[in-house]
Amino acid sequence: MPGELMVRAGGKEYPILVGSGSYKEALPEILRRLGPDKVAVVSHPPLREMHGKDLEEALRDELPRHGRVIWFTFPEGEENKTLGTVTEGYRFLLRESLTREDMILAFGGGVVGDLAGFLAATYMRGVRYLQLPTTLMSMVDSSIGGKTGVDLPEGKNIVGCFYHPEAVIADVSVLRTLPEREVLSGLAEVAKYGFLYDTEILRGMEGWPEGRPPEGYDFAPLVRRCAAHKARVVGEDEMDLKGIRAFLNYGHTFGHALEAAAGYRMLRHGEAVALGMIMASRMAEWSGRARVPLVERHLRVLLPLLRDIPRPLEVSARDILGFMEADKKRGRSLRFVLLREWQSPELVESPPPDLVWETVERTLKDLHAAR
Ligand SMILES: NC(=O)c1ccc[n+]([C@@H]2O[C@H](COP(=O)([O-])OP(=O)(O)OC[C@H]3O[C@@H](n4cnc5c(N)ncnc54)[C@H](O)[C@@H]3O)[C@@H](O)[C@H]2O)c1
C-alpha cells in the first residue's frame, strides 16, 4: 500500500498499518495473501470477551469454508509470560492440528505479543504470525522489531529470539477499552521517542491539559510517528548490536530494576520506565554529562503519567540496586542511556556506583515526599 510504514530487517520487509478500524480493513487482504486454513489467536480471556466477536468476523470471511479461528488464551500479567505458558501453547496448537501453512495472530499487549511471537518462532520450527497490538505501549514499541521471548524466575526476557511478523496492525479503535492507567503507561514509551528523537512529540504532550490527552483524542497520528521511529531504528540495528537500538532502552536500566523490585505487580512497565527516565535525566545532570537542563522537562512530561502509581511506593533503593547487581553478575554490564542534549543520547557503561545509588535513593525520597 502506498505511503505505509515498512520495517526492513533480517532480509524481510513488512508493513505497519496504523489507523482506526485498520484491522477490519487490513486482515482480509493479508489472509488472502497468506492463505491459512486456521488462525490461532493468542490472547487473554478478557480481551477475547471484549473484542473476540469483532475480530472473528474480520477473520472468518477470508478463511476457506473448512477453515477455523481458534483461541489460545492465558491469564493476564507478566508472571504468565513463561515457558510453562508457551508449552501449554504448543500442546494446544498440536491438539488443534495447526500446521506450518497456518498462522498465529497475537492479540494483546506486550505480554501477549512477546509470548505469541516466541510460540510462532518455535512451533514446528516456525509459523507465520501477525502482531495486532491492543495497548498503546505495544503499538508504539513491542509489536515492532521482532524481539520475542519469555521470562525466567531469574529475570525478564531471558529466553527468546528475533522473529519478525508478517505485518503489524495497530488499530487505535481497540484502545477504547484500555484502562486509563495503561494508556498513561504507554505514553511513557511515547515520551521516550520524544526525548530520544522527536521534539514535536514532547511539545504535543506538553500542550495537553494536565499533561494527559484530552477526551476523544485520536491516537493514530502519534502512534504512526512513534512506529516510524521504531521501524527506522530496527532497520539500522536489527539485532541490537550496534548501539543504535540500545538507545530505545532509555530509562530501562533503572526501570527494569524498579519493576523487579516492585514484584512486577505494583508498577506498569511504562510507569517503571517513566521513573527510570526521570532518574536517567538526574544522573545525566548530576554527572555533568548533560549540556542542557533536562530534569525539569522530564518531570513536566512524565509526572502526570505517574498519577496512578501506589503511594507510598513500597520499593527500596537497596532492592533496586540489588537487582542491578544481580544482572551484572549474569554478565549483563550496567549500561545506561543518558542524554547529552535533547535528542542526543549516548551509552554510558558502569557509572560510579555512588552516583547510581544517590540517583535512585533521592528520586524515591522525592517521590515519597510528593505524595
Ligand atoms: N518485544 C519488545 O521489543 C518489547 C518492548 C517493550 C516491552 N516489551 C514487553 O511488553 C510487556 C508489557 O506490555 P504492555 O505494557 O502492553 O502490558 P500487558 O501486555 O501486560 O497489557 C497490559 C494489560 O492491559 C490489558 N489490555 C491490553 N489491551 C487491552 C485493551 N485494548 N482493552 C482492555 N485491556 C487491555 C491486558 O490484558 C493486560 O492486563 C512486558 O512483558 C515487556 O517486557 C517488549
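We count ligands from 1, going down the list as the structure has it; atoms in each ligand are counted the same way. This chain uses plain numbering: 1 for the first residue, then up along the sequence. Keep in mind the model is a prediction, meaning the values are calculated, not measured.
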Engineer: Out of the candidates Val348, Leu294, Leu347, only one should pair with Leu338 under the side-chain contact (heavy atoms from CB on, under 4.5 Å) rule; please name it.
Structural biologist: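 Passing option: Val348.
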Engineer: Phe323: what forms a ring-ring contact (aromatic ring centres under 6.0 Å, His included) with it, not counting sequence neighbours?
Structural biologist: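 Residues passing ring-ring contact (aromatic ring centres under 6.0 Å, His included) with Phe323: none at all.
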Engineer: Can you sort out the partners of Tyr217 under ring-ring contact (aromatic ring centres under 6.0 Å, His included), two or more places apart, ordered by chain and number?
Structural biologist: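 Trp208, Phe219.
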Engineer: Taking ring-ring contact (aromatic ring centres under 6.0 Å, His included) as the test, write out the residues that go with Phe247, two or more places apart.
Structural biologist: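 For Phe247 there are no ring-ring contact (aromatic ring centres under 6.0 Å, His included) partners, ignoring immediate neighbours.
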Engineer: I'd like the contact residues of ligand 1, where contact means a heavy atom below 4.0 Å.
Structural biologist: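 The 4.0 Å shell around ligand 1 contains His44, Leu47, Met50, Glu76, Glu78, Lys81, Gly109, Gly110, Val111, Asp114, Thr134, Thr135, Met137, Asp141, Ser142, Lys147, Lys156, Asn157, Val174, Thr177, Leu178, Pro179, Glu182, Lys230, Arg268, His269.
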Engineer: Take atom CD in Glu349; do more than 12 heavy atoms of anything else shown fall under 6.0 Å from it?
Structural biologist: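 Enclosed.
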Engineer: Exactly one of Tyr129, Tyr123, Tyr14 should register a ring-ring contact (aromatic ring centres under 6.0 Å, His included) with Tyr163. Which one does?
Structural biologist: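 Exactly one candidate clears the test, Tyr129.
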